[in-house]
Amino acid sequence: PIIRQNKSRDKLIYLINPTLKVFMTLLSIVLISISRSYTFLFMMTAYVLGNLFLMENKSKKRILIKSLIFPIISLIALIPAMVYGNIYNSLLLFQKIFITIMMMNLLAHNTKWNDVSKSLKLLYVPDIFIWIMDITIKYIVLLGEHSINLLYALRLRSVGKASNKYNSITGIIGSLFIKSYKMSEEMSQAMECRGFTGEYTTKVNFKFRKIDYGYIIVNLLLLSIFIYTCLN
């Protein structure tokens, strides 16, 4: 899974300050959502494709495929609107969805999950939001792996055609429910033993390197393009 990938690599995109990446990504998504300029969206498309070029070859294909699935589905759903002449807004929406999903996929692949949580704390995001998001995503991964193992075990034990497929599915669902309940109890006890009160603490890390300043300059240029296109 992406959450467990080793992201401490030597490529430039991995060396940028994580707090800076999270902040600029969120800011860019806001600008994309309110922009109605093809010029700005074209520049943002070139920007995200440039970031994609800096990723590893294995990650490039995965990110590109994932980023195209939902925009294409949305474009298919917008075909009736395009037939009736609303082509401009439909293509604008398609481009916005593509850029937004691409940026989130890039952030997920080139930033450690712990760094994302720390960055959200430094950006004054409420602790309850960070806690819910952190626990939810991590336990979705764990329960997903557990369900896959159950399906593999069921396949190995099944020979030929099984007449009680529905009973097997309900058994897997019941096993997942019991597993999730036990995991929640264990997590609650572990948090209580460690004195966790629901507050996240992290050290401020704003030591920028040359690559960080270059990243800031590029994003400031994109911001200036957004302002220019809005004024005109």
So do [Y] and [X] actually touch side chain to side chain, heavy atoms under 4.5 Å?
X     : Y      : answer
Ile32 : Met103 : yes
Pro18 : Lys118 : no
Lys66 : Met102 : no
Phe98 : Ser67  : yes

Counterpart residues, side chain to side chain contact (heavy atoms under 4.5 Å, CB included), relative to [X] (two or more places apart):
X      : answer
Ile79  : Ile76, Val83
Phe94  : Pro71, Leu75
Leu78  : Ser90, Leu93
Ile217 : Leu221

Give me the atom names and distance for the closest heavy-atom approach of [X] to [Y].
X     : Y      : value
Ser28 : Asn219 : OG-OD1, 3.9 Å
Ile99 : Leu41  : CD1-O, 3.4 Å
Leu92 : Ser35  : CD2-O, 4.4 Å
Ile16 : Leu20  : CG2-CD2, 4.4 Å

Legend entry - Polar side-chain atom of Arg209 near backbone of Leu15 as donor-acceptor pair, under 3.5 Å: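 Yes.
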Taking side-chain hydrogen bond (donor to acceptor under 3.5 Å, both in side chains) as the test, write out the residues that go with [X], two or more places apart.
X      : answer
Asn89  : Arg36, Asn86
Thr45  : Gln95
Thr100 : none

Inset, instruction - Find out whether the Lys NZ or Arg CZ of Lys21 is both under 6.0 angstrom from the six-membered ring centre of Tyr215 and within 45° of the ring's axis. - result: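 Cation-pi check for Lys21 and Tyr215: fails.
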Set of residues satisfying ring-ring contact (aromatic ring centres under 6.0 Å, His included) with respect to [X], sequence neighbours excluded:
X      : answer
Phe226 : Phe40
Phe177 : none
Tyr88  : Tyr38

Given the rule that I, L, V, M, F, W and Y join up when any side-chain heavy atoms are under 4.5 Å apart, are [X] and [Y] in one cluster?
X      : Y      : result
Leu91  : Ile34  : yes
Leu220 : Val22  : yes
Leu123 : Leu107 : yes
Tyr47  : Ile101 : no
Leu223 : Met43  : yes

Return the [atom1] to [atom2] distance between [X] and [Y], rounded to the nearest 0.5 Å.
X      : Y      : atom1 : atom2 : result
Ser74  : Ile69  : OG    : CD1   : 11.5 Å
Met55  : Leu106 : CE    : CG    : 6.0 Å
Ser119 : Leu26  : OG    : CG    : 9.5 Å
Leu64  : Leu52  : CG    : CG    : 6.0 Å

Inset, instruction - Look at atom NZ of Lys61 and say whether more than 12 heavy atoms of other residues, nucleotides or ligands are closer to it than 6.0 Å. - result: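 No, not enclosed.
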